[in-house]
**Q** 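Mind having a look at this structure? Questions to follow.
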Amino acid sequence: MATGDGPTPLERFINGILPENPTYRQILGICPTLAVSNSMESAMTMAAAVAFVLLGSNVVVSLIRGLLRPHLRILVFTLTIAAFVTIADRFLAAYMYEMSKKLGPYVPLIIVNCIIIARCEVCAAKQSVLAASADAIGQSLGFALGLASIATIREVLGFGTWFGLPVFSHSWWPAWVVMILPPGAFITLGLLMGAANWIGAAWAKRASA
Amino acid sequence: MSHLGALVLIAVNTALINNMVFHFFVGNCPFIGVSRRVDTAFGMGAAVTFVTAVAAMLSWMCTYFILAPGAPLTNWVWHKINPASAAVVDLSILNYVVYIFLIAAAVQLVEMYVRKFFPALYKAFGVYLPLITTNCVILFVCLEIMKHVSGASGPMYWGLDKALVYAIFAGMGFLIAIIVMAGIRQELDHCDVPKPLRGAGITMIIAGILALAFMGFMGVDKSLESLFGG
């Protein structure tokens with residue numbers, strides 16, 4: 001298959017960051033986005049793990065795309081992803097033990113993260129390795145951006161810190177514990193989605209005017 | 001604590017206190033995607049509960065007999081081939097690959113079985129069945145069972161009964177969450193929601209409020225424990 005019958009690698013890369021942002025536009029991979037976004041550190045570790053798995057599986061799927069059969073496609077995708085997730089999980093357990101404990105089951109849960117399966121299906125199974133890796137990098141950046149925006153709000157309001165650095169002093173800032181707890185995650189993401197739609201609509205209006 | 005008490009405690013803990021959706025955030029994709037109407041939400045929730053139970057049973061057996069460090073079946077095979085070896089065989093590196101394979105197999109199995117024997121049921125939740133291969137609730141349950149089978153001892157160790165109770169009530173927790181959400185969203189159709197928040201945005205905010213409500217169950221496990229004489 002030629003690269004010509006789809007977006008070019010550069011388009012794939014740029015699309016992933018904002019126009020097709022996984023969190024805000026495609027609403028994919030919400031589980032890890034909510035679960036690990038209570039501090040920047042864990043959010044960025046998660047984003048790195050997802051980037052590694054996404055790049056690896058996109059490249060492998062793109063390489064074997066000629067051999068895929070429609071009814072076994074999804075199974076091949078998930079098994080490829082599971083192999084890469086095992087590598088990422090063992091790596092985290094060996095070199096970043098504390099973080100691996102903190103992320104807990106959410107690292108293995110990358111296997112069923114819809115972003116990766118969706119990208120394998122939409123891009124890697126149809127396009128060349130170059131386009132697939134550009135797509136993986138763009139989507140990972142978009143995912144990292146989505147995670148960072150939520151984690152920043154939750155960590156600053158909940159702990160008064162950012163990446164562990166103090167932002168709000170505890171002498172006057174009553175840490176909003178609810179932002180660290182599950183409800184804070186849902187409400188922050190809901191409001192941010194609203195904001196993203198609002199800004200997107202305003203841009204579209206300006207572009208057409 | 002009595003055995004029955006332990007089972008009840010696991011059930012309440014999983015379905016209400018640490019609800020899959022509102023506490024562990026798993027199963028959010030169908031929770032947002034398929035919660036527009038109560039009947040489809042019920043179909044999805046029931047399908048997930050069913051598959052979770054089947055997959056949990058398979059994964060408990062695989063973990064106990066094959067994957068866990070020193071699992072009987074693997075150990076026996078290894079020592080049959082290598083009589084001189086004294087090593088404890090550990091296949092736990094294969095856990096994730098095996099679980100995802102088991103889940104895909106369980107989904108296929110359930111789909112074929114339901115199509116053959118319950119055509120009406122198949123019509124009701126047929127479309128959702130292939131989708132739930134990638135439902136995180138099921139993998140999460142398998143991982144939790146893995147944690148309690150390989151390397152766990154004493155009360156932390158789960159037999160097949162505890163694993164099954166855990167799986168069924170994890171599915172129930174998801175069912176409760178998705179039905180409550182669908183009920184609210186049906187009423188929401190008559191409301192004037194600000195345009196940018198329509199769809200996923202308002203759903204997330206409602207989920208946040210529901211999560212706050214479910215936090216009210218915290219501490220119920222302590223009272224239950226004292227009730228059962230823990």
Side-chain angles (χ1 to χ4, degrees), chain A residues 23-37 71-72 74-75 77-90 104-114 116-118 178 181-202, chain B residues 18-29 31-33 92-101 103-105 107-108 130 132-144 146-147 193-215 218:
Chain A
T23 310
Y24 294 117
R25 305 249 48 117
Q26 304 182 63
I27 318 186
L28 291 177
I30 296 300
C31 313
T33 311
L34 292 167
V36 302
S37 62
H71 53 287
L72 284 177
I74 301 287
L75 189 62
F77 293 166
T78 34
L79 289 180
T80 315
I81 297 166
F84 279 104
V85 168
T86 308
I87 299 173
D89 182 58
R90 294 293 91 199
Y106 296 104
V107 176
L109 279 177
I110 297 175
I111 300 173
V112 285
N113 191 321
C114 348
I116 302 174
I117 297 173
V178 73
L181 295 171
F186 282 113
I187 293 172
T188 312
L189 182 58
L191 291 176
L192 279 176
M193 270 177 183
N197 285 342
W198 190 44
I199 295 169
Chain B
N18 296 328
N19 186 284
M20 284 293 135
V21 176
F22 297 128
H23 188 266
F24 289 117
F25 309 106
V26 291
N28 261 301
C29 306
F31 178 67
I32 298 166
S92 45
I93 190 100
L94 289 176
N95 276 350
Y96 303 157
V97 179
V98 170
Y99 290 154
I100 201 70
F101 194 80
I103 292 170
V107 170
Q108 283 289 320
I132 52 185
T133 312
T134 56
N135 188 317
C136 2
V137 175
I138 306 171
L139 185 63
F140 188 89
V141 166
C142 290
L143 291 168
E144 200 67 18
M146 171 197 91
K147 215 167 72 189
V193 180
K195 208 165 169 222
L197 282 177
R198 275 180 205 166
I202 193 75
T203 313
M204 296 312 281
I205 294 172
I206 295 170
I209 297 166
L210 283 177
L212 268 179
F214 268 74
M215 277 172 69
M218 261 181 201

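Chain letters run A, B, ... following the sequence lines, proteins first, then strands; residues in each count from 1.
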**Q** By a 4.5 Å heavy-atom criterion (distance strictly below it), what part of Ala196(A) contacts chain B: side chain, backbone, both, or neither?
**A**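 Neither; nothing under 4.5 Å.
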**Q** Identify, with sequence neighbours excluded, every residue that meets side chain to side chain donor-acceptor pair (under 3.5 Å) alongside Asn95(B).
**A**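 Applying side chain to side chain donor-acceptor pair (under 3.5 Å) to Asn95(B) gives none.
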**Q** Could you go through the side chain to side chain contact (heavy atoms under 4.5 Å, CB included) check for Phe101(B) and Leu75(A) one step at a time?
**A** CA-CA 8 Å; Phe101(B) 194 80; Leu75(A) 189 62; 4.1 Å; yes
**Q** Which one wins on heavy-atom pair count under 4.5 Å against chain B: Ala82(A), Pro105(A), Ala83(A), Pro183(A)?
**A**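 Counting heavy-atom pairs under 4.5 Å, the top option is Pro183(A).
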**Q** Donor-acceptor pair, distance only, cut-off 3.5 Å: does the side chain of Tyr99(B) make one with the backbone of Ile138(B)?
**A**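 No; judged by distance alone, with no hydrogens or angles, the pair does not exist.
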**Q** Is there a side-chain contact between Asn197(A) and Lys195(B) in this structure, where contact means two heavy atoms from C-beta onward sitting under 4.5 Å apart?
**A**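 Answer no - side chains too far apart.
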**Q** Quick one: what part of Leu143(B) sits under 4.5 Å from any heavy atom of chain A, side chain, backbone, both or neither?
**A**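 Looking at Leu143(B), just its side chain touches chain A.
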**Q** Considering only heavy atoms, which portion of Leu34(A) lies under 4.5 Å from any heavy atom of chain B: side chain, backbone, both, or neither?
**A**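 Backbone plus side chain of Leu34(A), per the 4.5 Å heavy-atom cut-off to chain B.
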**Q** Side chain, backbone, both or neither: which part of Ala201(A) has a heavy atom under 4.5 Å from chain B?
**A**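 Answer is neither: Ala201(A) stays 4.5 Å or more from chain B.
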**Q** Determine whether Val26(B) and Val112(A) satisfy the following criterion, side chain to side chain contact (heavy atoms under 4.5 Å, CB included), listing intermediate values before the conclusion.
**A** CA-CA 10 Å; Val26(B) 291; Val112(A) 285; over 6 Å; no
**Q** By a 4.5 Å heavy-atom criterion (distance strictly below it), what part of Met215(B) contacts chain A: side chain, backbone, both, or neither?
**A**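 Interface part for Met215(B): side chain.
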**Q** Is there a side-chain contact between Leu189(A) and Thr23(A) (heavy atoms, below 4.5 Å)?
**A**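 Yes, close enough: below the 4.5 Å cut-off.
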**Q** With only heavy atoms counted, which part of Leu191(A) is less than 4.5 Å from chain B, the side chain, the backbone, both or neither?
**A**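 It is both, since atoms from each part get that close.
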**Q** Pick one of side chain, backbone, both or neither for Phe214(B), based on which atoms fall under 4.5 Å of a heavy atom in chain A.
**A**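 Phe214(B) has no heavy atom closer than 4.5 Å to chain A.
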**Q** Do you know which of Thr188(A), Val85(A), Asp89(A) has the most heavy-atom pairs with chain B at a distance under 4.5 angstrom?
**A**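 Ranked by contacts with chain B, first place is Asp89(A).
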**Q** For the rings on Phe186(A) and Phe25(B), is their centre-to-centre separation under 6.0 Å?
**A**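 So the answer is yes for these two rings.
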**Q** Give, as side chain, backbone, both or neither, the part of Ile93(B) having an atom under 4.5 angstrom from any heavy atom of chain A.
**A**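 Both parts, backbone and side chain.
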